[in-house]
Number of protein chains: 2
Amino acid sequence: MAVTLREVADRAGVSRSAVSRTFTEGASVSAKTRAKVEKAALELGYSPNALASSLTTGRTKLIGLISNNFHNPLFLEVFDLFTRGLQDRGLRPLLVNLSNETDPENSVRMLRQYSVDGVIVASSTLPPSFAEAFKQAGVPVVHSFGRFSTSPNVHVVGIDNVACGRMAAEALIARGYTRVAFLGGPEKATSTQDRALGFFGALREHPEIEVSISYASAYSFDAGRVEMTKLLMAGPAEAYFCGDDVLSIGALSAIEEAGLSCPGDIGIIGLNDMDMARWQNIDLTTIRQPVAEIIRASIDLVIGTIEHPDRHPETRLFPCRVIERGTLRPVQQGAA
Amino acid sequence: MAVTLREVADRAGVSRSAVSRTFTEGASVSAKTRAKVEKAALELGYSPNALASSLTTGRTKLIGLISNNFHNPLFLEVFDLFTRGLQDRGLRPLLVNLSNETDPENSVRMLRQYSVDGVIVASSTLPPSFAEAFKQAGVPVVHSFGRFSTSPNVHVVGIDNVACGRMAAEALIARGYTRVAFLGGPEKATSTQDRALGFFGALREHPEIEVSISYASAYSFDAGRVEMTKLLMAGPAEAYFCGDDVLSIGALSAIEEAGLSCPGDIGIIGLNDMDMARWQNIDLTTIRQPVAEIIRASIDLVIGTIEHPDRHPETRLFPCRVIERGTLRPVQQGAA
DNA sequence: ACGCGTTTTGCAACCGGTTGCAATTCGACA
DNA sequence: TGTCGAATTGCAACCGGTTGCAAAACGCGT
C-alpha cells in the first residue's frame, strides 16, 4: 500500500542507499542525485517509514507519556503543553493511562516493546518507584510533578511542596487569621504529606495561632465538598489551605450551601491555579504552579538524558506564587 | 541493550522461528519447545519488539488520536476514555495536538511515517475534510464528535446537533419562556450551525415566542462571559440556549456579576454535561452528550475498518437528554 | 518394526530502512 | 591531458522480527 524506498530508487534510477541518504540529515549526496530522488519521491508520494529506520538507528522519536491524573482539570493543560512541546521538537507522545494500574511492570514492558526513546511520568500521585522502574530498565525517564528529593534516583521536575505549604501558611498569617487548618488530599499522597509539612513548619513559629488538619479522600470536588461539610458541622477554622484547587472549589461549594460566605465567614486558599480558578464565579485565591516551565524543563531533561544516558539524576523545582483573588480577606496592616 | 529474539533462541537451544512462534498467537509450537523458550525469555527478560514485527505483519497496533480541543474540559474525560478503551483492546494511542494546525497534510504524513493502523479524529471543530484526508491516504479513520451527514465520506460518530437544538428549544418552550435566544459558539463551527438550525426549526412552530441569536467568539468561558455581558446591556432574552457548557458558565458568571440571578431573572441551558456542570455551585441545566458511548462506538468502528478496509462509511449518532438542574425554571403545568 | 498422516522444526527470504567499506566519479591543478 | 585527493555511489550486511516451504520428528494402528 505505502510507497517504499525501493520504488523511489527504481523510479529515480539510483541505488536504495542514495534514496536513504537524501532523507538523512548530513549524509553525502550530490545535488544531482538529490534532485532526481526528490522528484521521484514527490511523484510517488513517498515518506520514509520511521519505524523501519528506528530498527537500525535505535531511535523511534517516540516518548511514553504516562499519567493517572485524568480527572484533574489542570492536566488538560498539562497534556496540551506536553504534546505541543514534544511535537515541536520532533517527538511523538505515546499516551499511557494508568488510572487503574499501580504496578509499573506492565507499562515498562509495553513501552519497551514500542522502543520509546524516553518516558515522562506526569503524575502528582504516583510513587517515585514508578519512574525508577523505567530507569532500572534502562529507559531515560523524568518524573514531572513528582516529589522532591535531595538524592533522587531519577530526574524529578516539579514544585517544592514543602515551600508551598509554608507559603500558604504565611499567606494566612499575613491576613491575621488565628484559627487555620490544612484540608489535604489523600493522606498517603506524597504531595499532601509535603504540603502539610511546610504548612505546620511555618506555623510552629506562631504558637498563638490554632491549627488543625484533615484529609479528603481524593483530590476531587466531591471529596472536598464532603470533607468541608463535615468540618462545618464540627465547627470550622477561620481559614483553610486546601490540597488543590478542585478540592478548594468543593469546599467553597459546601460553604455556600451552608449559607456562609467566602471570605466573609471562612477563607480558602488553594493550589495549582487551574483554569477555572480565575473564573469570576469561582474567583479562587490560590498558589500558582508554573506548569509551562515544569513541562519545558521535563522535555529538556528527557531529551538530555536520551543524548547522555548516564547523566546524573537531577531535581528541578520551580517557585510558586500566591495569586490573589477573592477567597481570602486582604492582608492586615501591621501583620507579620 | 535490549534482549533480542536471537539471544533467546541461542539460550533455549532452538531456532529463531521457534521463539517467534512461541510469542505468536495460534502458531504451531510443541509444549516442550514452548517451555524451553519461555524459560529462556524469562531469564533474559525478553519481550518482543512490536515495531520490528510490525514490519512484516503490517500492523503496529498504534492508533493516531488527533484533537484540537485541548481547552474544553469535556475532553479530559474524552482522552481518559479513549486511552483506556484503546489500551483495553491492545491498541496504543499516538497523540497528536492540532491546536495551531489547520492543514491535514502534516498530520497525515506524520502518522503514515509511524504506520498507524488507524486514526481517530476527536474534534467538534475540525472540518470533515480533515478526516477525509486520512481516508484519501488509505488510513482507516473515524471522526468522533463530528458532523452528521446523510452520505458520509468517512465514519462519523457523535450526536445529532440539530436534534439537540430542537431539544433545547422544546425545553425552553415547556418552561413557558416567551423570549428566548441561542448563544452559539463561533459562527463557522459546524456544531453551532447545526444547533442553531434545530433550535430555530422547533421555534418556527411557535410564532408567539420571540427569538434571537448571537455568537461567542469561541467555545470558552471568557467568550461566553463577554457575549452575555453585551447582551445584558442591550436587554436580554428570558432564557438562553448556550452553545456548550463552558460558554454557559461564562454566561452565568456575567449574569451573577450583573446582580441578576439564574433562573430567577434569566434561564440558561447548556450542552455537554461536562463534569463541572454538576458542581453544586454551578448546577447547570444542560443537555448530556453520551461521551462514553460515542467513544466506545468510535473505537469499534476504527477496529472494524482496520479489519475490513473498504467497509462503507457510516454515521452513528447517539441520543442526548436534558439533565435537569438549577438554571432553568420548572416545567410549566399545561404547557406544550 | 513398518508405514502413514500430522505436527513440529529450521532454513532462508523478506519487511523497509541504514551504514561501513571499497569502488567509482569528480574537480582542480599542474 | 594526466594525476591526485575528495566527494559520491552502490554493494551487501544488518536491525529484530515473521513466514512459506520442505524436511524431520512424532503418534498411531497393525
Side-chain angles (χ1 to χ4, degrees), chain A residues 1-38 40-41 44-62 109-117 138-139, chain B residues 1-38 40-41 44-62 109-117 138-139:
Chain A
M1 175 112 276
V3 184
T4 75
L5 189 85
R6 147 153 264 125
E7 304 173 51
V8 178
D10 288 351
R11 174 178 264 257
V14 298
S15 73
R16 299 189 298 139
S17 331
V19 180
S20 172
R21 286 195 257 255
T22 9
F23 288 95
T24 308
E25 195 77 12
S28 166
V29 222
S30 68
K32 209 197 298 178
T33 28
R34 151 157 281 138
K36 281 194 288 184
V37 170
E38 278 172 350
L44 261 33
Y46 169 78
S47 61
N49 181 328
L51 268 24
S53 75
S54 83
L55 259 190
T56 39
T57 60
R59 290 283 167 83
T60 53
K61 304 202 166 205
L62 250 25
R109 190 152 34 79
M110 186 242 117
L111 286 173
R112 293 231 311 191
Q113 290 188 341
Y114 282 87
S115 322
V116 295
D117 290 347
V139 182
Chain B
M1 174 111 278
V3 185
T4 74
L5 189 84
R6 147 153 262 127
E7 303 174 52
V8 177
D10 289 350
R11 175 179 263 256
V14 298
S15 73
R16 299 188 300 139
S17 334
V19 179
S20 172
R21 287 195 256 257
T22 316
F23 289 94
T24 308
E25 195 77 11
S28 165
V29 220
S30 69
K32 209 196 299 180
T33 27
R34 151 156 281 139
K36 280 194 290 186
V37 170
E38 277 172 349
L44 261 33
Y46 169 78
S47 61
N49 181 329
L51 268 25
S53 75
S54 83
L55 258 190
T56 39
T57 60
R59 289 285 165 84
T60 53
K61 304 201 164 205
L62 250 25
R109 190 151 36 78
M110 186 240 117
L111 286 173
R112 292 230 312 190
Q113 290 188 341
Y114 281 88
S115 324
V116 294
D117 290 347
V139 182

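Below, chain A is the first sequence line, B the second, and so on; all start at residue 1. Values in this document were obtained by computation on a predicted structure and should not be read as measured data.
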Practice task
Classify the side chain of R21(B) versus the base of dG17(D) as yes if they form a donor-acceptor pair under 3.5 Å and no if they do not.
Solution key: no
Practice task
Classify the side chain of S17(A) versus the base of dC11(D) as yes if they form a donor-acceptor pair under 3.5 Å and no if they do not.
Solution key: yes
Practice task
Please state how far atom CG in L51(A) lies from atom P in dG17(C), giving the value in whole angstrom units.
Solution key: 11 Å
Practice task
Would you kindly give the CG-to-C1' distance between L5(A) and dC14(C), to the nearest whole Å?
Solution key: 15 Å
Exercise for the section: Go through the steps for D117(B) and L62(B) under the test side chain to side chain contact (heavy atoms under 4.5 Å, CB included), then give the verdict. Expected result: CA-CA 6 Å; D117(B) 290 347; L62(B) 250 25; 5.8 Å; no
Practice task
Give a yes or no on whether a donor-acceptor pair under 3.5 Å exists between the nucleobase atoms of dG16(C), that is its base, and the side chain of R16(A).
Solution key: no
Problem - Candidates dT8(D), dT18(C), dT9(C) - which lies nearest the side chain of S30(B) - result: dT9(C)
Handout entry: Main-chain N/O of S53(B) paired to T57(B) side chain as donor or acceptor, under 3.5 Å
Key = yes
Problem - Side-chain N,O (T33(B)) to OP1/OP2 (dT9(C)) below 4.0 Å - result: yes
Practice task
For dG10(D), take OP1 and OP2 only and decide whether either is under 4.0 Å from a side-chain N or O of S15(A).
Solution key: yes
Problem - Rounded distance (Å) that lies between atom P of dG16(C) and atom CD of Q113(B) - result: 15 Å
Problem - Sub-4.5 Å side-chain heavy-atom contact between S54(A) and R59(A) - result: no
Practice task
For Y46(A), answer base if it contacts any base atom (sugar-phosphate contacts may also be present), sugar-phosphate if it contacts only those atoms, and nothing otherwise; contact means non-hydrogen atoms under 4.0 Å.
Solution key: sugar-phosphate
Problem - Residues R34(A) and E38(A) bridged, charged N to O under 4.0 Å - result: yes
Practice task
Would you state whether a donor and an acceptor, one from the side chain of R6(B) and one from the base of dG17(D), lie under 3.5 Å apart?
Solution key: no
Exercise for the section: Give the nucleotide from the list dG10(D), dC21(D), dG17(C) with an atom nearest to the side chain of A18(A). Expected result: dG10(D)
Exercise for the section: Would you mind telling me which residue lines up with the more 5' stretch of DNA chain C, V29(B) or T4(A), judged by nearest nucleotide? Expected result: V29(B)
Problem - Listed nucleotide nearest any side-chain atom of A52(B), set dT9(C), dT19(C), dG16(D) - result: dG16(D)
Exercise for the section: Please determine if a side-chain N or O atom of S20(A) lies less than 4.0 Å away from the OP1 or OP2 oxygen of dT18(C). Expected result: yes
Practice task
Report the distance from atom NZ of K32(A) to atom P of dC26(C), rounded to the nearest whole Å.
Solution key: 6 Å
Problem - S30(A) (side chain) donor-acceptor with T33(A) (main chain) under 3.5 angstrom - result: yes
Exercise for the section: Check whether any side-chain heavy atom of T60(A) lies under 4.5 Å from a side-chain heavy atom of Y114(A), and answer yes or no. Expected result: no
Exercise for the section: Provide, to the nearest angstrom, the distance between the CG atom belonging to L55(B) and the P atom belonging to dG16(D). Expected result: 12 Å
Problem - Separation of atom CG in L44(A) from atom P in dG16(C), rounded to whole Å - result: 14 Å
Practice task
Assign each of G13(B) and T57(A) to its nearest nucleotide of DNA chain C by heavy atoms, then name whichever residue's nucleotide is nearer the 5' end.
Solution key: G13(B)
Exercise for the section: Mind calculating the distance between NZ (K36(B)) and C1' (dT8(C)) to the nearest angstrom? Expected result: 12 Å
Problem - Candidate nucleotides dT18(D), dG10(C), dG17(C), ranked by approach to the side chain of T56(A) - the nearest - result: dG17(C)
Exercise for the section: Please report, rounded to the nearest Å, how far the C1' atom of dG16(C) is from the CG atom of N49(B). Expected result: 14 Å
